[in-house]
Amino acid sequence: MGWMSWNIMSENPNEKDIKEMADAMVASGMVKAGYQYIFLDDCWQGGRDNKNKIIADPKKFPSGIKALADYLHNKGMKLGIYSDAAPLTCGGYTASLNFEDQDAKTFASWGIDYLKYDYCNAPEDVETAKARYGKIAQALRKSGREIVLGICEWGPREPWNWGAQVGGQSWRTTYDIRDKWNDVEGKGGVGIYNVVDKTAGLASFSGPGKWNDGDMLVAGLHGTKGPSSAFNGKGCTQAEYQSQMSLYSMLNSPLYASCDIRKMDNEAKAIFTNEEIIALNQDALGKQAERKIKTDSWDVFVRPLANGDFAIAILNKSTAAQNAKINFAELGLAGKYEIRDLWQHKVIGKNNKWNGEVTVHETKVFRLKKA
């Protein structure tokens, strides 16, 4: 859980703004709610020195990356960084191919906690990807510091089939998400529901230490100009932003915001800091929800939880409000349950079913306790 620099800072991540964002994450209650990481995305690099050690851009990070990591660690936070399995990154900056061991040791010496490893400018075949990700994973293991590896090759080579075996802890399931609900999946063009629909079919690959990564949370962006507005990313409704948080939590996706935390609205803050929804995402059992119903209008997900409860999520995919009639037995849940609405934060009854209205692209999320 954390915050990613790309959508707001794009090609100009810098020390001042990152520190301000960390301060805002603490002040907003996000850190207390579990958002530990700041993920420093592409374009932080300043090339290599005369010993080929990767360095930060001295104008963007005059105090250096270690000082930034120390700043975050002192706040109880962690720092993620970015590189790529090729000579150059997506933005055309220095990357790590053939410098894996050296870069891993450098990242460890800086106090880095996570590496997002991208795949721009790399070959299309699966075996090369497995080899390159395996090489950086081995280098991180030898670095002397525990650094989480996030595989970011966007899904074409199906990293859920091999990501854990080569040493990754998570893998992106789609191309980059944009600030929109849905689109025909294409490079750079995916919306919230595209990601949910793809990730829903990958439940068997997810579990403790190996996660399907749905990319950034887009709540609070509201069509902000930048990477998230590309490919017709004009913004989403409050219900759609809330649905992304709900469904990502059901599907075990890492949760990382991407709007400007320094000036986010109260609606975005309420979405990010809903502790009952976060508890689903962070549940110790680590079992991704399964999609039990998929029709033109509805997706219904069920997730078992560590204490014996179940969570269910009911998404209205249609373009009009609809009445749902959900019989729990048809989802494999026999008997009566106490039903707690995790967005209303209250118990709404005891029953073996739930009937009610779900607005356009809204997701109802209930925690069911055996009655």
Side-chain angles (χ1 to χ4, degrees), residues 155 173-175 177-186 189-204 206 212 214-215 217-219 223 231-253 267 271 274 276-277 280-281 287-304 310-334 336-337 339-344 346 348-349 351-368:
T173 58
T174 67
Y175 290 111
I177 195 168
R178 307 298 173 180
D179 188 10
K180 60 184 177 181
W181 176 248
N182 198 15
D183 206 339
V184 176
E185 185 171 341
V190 300
I192 291 170
Y193 186 70
N194 299 110
V195 177
V196 168
D197 191 40
K198 179 68 171 288
T199 307
L202 304 176
S204 63
S206 176
N212 293 314
D215 201 12
L217 297 170
V218 292
F231 298 89
N232 207 31
K234 295 180 178 177
C236 298
T237 66
Q238 188 67 14
E240 290 167 345
Y241 286 142
Q242 192 167 299
S243 281
Q244 186 189 24
M245 180 71 178
S246 297
L247 296 166
Y248 275 36
S249 292
M250 291 288 286
L251 296 171
N252 275 350
S253 177
E267 289 81 7
I271 288 172
N274 184 332
E276 293 190 82
I277 295 291
L280 304 183
N281 180 263
K287 189 165 177 60
Q288 179 175 314
E290 292 188 23
R291 182 162 52 185
K292 298 290 190 178
I293 295 173
K294 182 184 181 183
T295 68
D296 288 344
S297 296
W298 301 104
D299 274 3
V300 179
F301 296 87
V302 177
R303 175 173 182 156
F310 291 89
I312 65 169
I314 305 162
L315 166 65
N316 175 11
K317 297 188 290 185
S318 73
T319 55
Q322 301 276 345
N323 283 314
K325 295 182 178 181
I326 305 297
N327 187 321
F328 298 156
E330 293 176 0
L331 303 177
L333 305 175
K336 278 191 175 183
Y337 292 86
I339 306 168
R340 183 173 178 84
D341 187 314
L342 300 191
W343 285 104
Q344 293 187 44
K346 65 180 182 182
I348 59 171
N351 213 321
N352 60 359
K353 60 186 176 182
W354 180 81
N355 300 333
E357 185 180 82
V358 189
T359 60
V360 178
H361 299 164
E362 180 189 11
T363 302
K364 296 286 189 183
V365 187
F366 303 126
R367 188 166 184 137
L368 305 183

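For the single chain, residues carry numbers from 1 onward in sequence order.
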Q. Where do A324 and W298 come nearest, in terms of heavy atoms and distance?
A. CB-CH2, 3.5 Å
Q | Carboxylate-amine/guanidinium proximity below 4.0 Å for K294 and D299 | A | no
Q) When rounded to the nearest 0.5 angstrom, what distance separates CG in L368 from CD1 in I312? A) 5.0 Å
Q) What residues form a ring-ring contact (aromatic ring centres under 6.0 Å, His included) with F366, not counting sequence neighbours? A) W354
(Q) Could you go through M250 and L280, starting from their C-alpha distance and side-chain angles, then the distance that decides it, and tell me whether this counts as side chain to side chain contact (heavy atoms under 4.5 Å, CB included)? (A) CA-CA 6 Å; M250 291 288 286; L280 304 183; 3.9 Å; yes
Q: For residues N355 and I326, determine if any side-chain heavy atom of one lies less than 4.5 Å from a side-chain heavy atom of the other.
A: no
Q.
Applying side chain to side chain contact (heavy atoms under 4.5 Å, CB included) to M245 and L217, what does each step give before you reach the verdict?
A. CA-CA 7 Å; M245 180 71 178; L217 297 170; 4.0 Å; yes
Q) Can you name the side chain to side chain contact (heavy atoms under 4.5 Å, CB included) partners of N352, sequence neighbours left out? A) K336
Q: Could you tell me whether the side chains of S206 and N252 share a donor-acceptor contact shorter than 3.5 Å?
A: yes
Q: Not counting sequence neighbours, which residues clear side chain to side chain donor-acceptor pair (under 3.5 Å) with Q244? List them please.
A: Y248
Q. OG1 of T237 to CD of E267: how many Å apart, nearest 0.5 Å?
A. 12.0 Å
**Q.** R291 and D197 ion-paired at < 4.0 Å
**A.** yes
Q. Who pairs with E290 by side chain to side chain contact (heavy atoms under 4.5 Å, CB included), at least two apart in sequence or on another chain?
A. A203, K287, K292
Q. Is the closest side-chain donor-acceptor distance between S246 and W343 under 3.5 Å?
A. yes
Q. Will you find, in the side chains of S297 and S318, an N or O donor that is under 3.5 Å from an N or O acceptor?
A. no
Q: Check the pair Y193, H361 against side chain to side chain contact (heavy atoms under 4.5 Å, CB included), reporting the backbone distance first and the verdict last.
A: CA-CA 9 Å; Y193 186 70; H361 299 164; over 6 Å; no
**Q.** Distance-minimising heavy-atom pair for I192 and C236
**A.** CD1-SG, 3.9 Å
Q: Please report the shortest heavy-atom distance between S249 and I277, naming the atom on each side.
A: OG-CG2, 3.3 Å
**Q.** Contact list for residues 353-362, test salt bridge (Lys or Arg N to Asp or Glu O under 4.0 Å), sequence neighbours left out
**A.** E362-K364
**Q.** Pairs involving residues 233-246, ordered by first then second residue, that meet salt bridge (Lys or Arg N to Asp or Glu O under 4.0 Å) (sequence neighbours left out)
**A.** none
Q. What pair of heavy atoms forms the shortest contact from T363 to S243, and how long is it?
A. OG1-OG, 2.7 Å
Q) In terms of side-chain heavy atoms, does N194 have a donor or acceptor partner in N182 at a distance below 3.5 Å? A) yes
Q) Checking side chain to side chain contact (heavy atoms under 4.5 Å, CB included) for the pair F301/L247: CA distance, chi angles, key distance, verdict? A) CA-CA 9 Å; F301 296 87; L247 296 166; 3.8 Å; yes
Q. Between atom CG of L251 and atom CD of Q288, what is the distance when rounded to the nearest 0.5 Å?
A. 5.0 Å
Q) Is any side-chain heavy atom of T173 less than 4.5 Å from a side-chain heavy atom of D215? A) no
**Q.** Where I271 and Q238 come nearest, the two heavy atoms and their spacing
**A.** CD1-NE2, 3.4 Å
Q) Side chains of S253 and N212: closer than 4.5 Å at any heavy-atom pair? A) no
(Q) Which heavy atom of V218 sits nearest to which heavy atom of Y241, and what is that distance? (A) O-CE2, 3.1 Å
Q | Side chain proximity check, D183 to V190, heavy atoms < 4.5 angstrom | A | no
Q.
Counting C-beta onward and ignoring hydrogens, is there a side-chain heavy-atom pair between F328 and V302 closer than 4.5 Å?
A. no
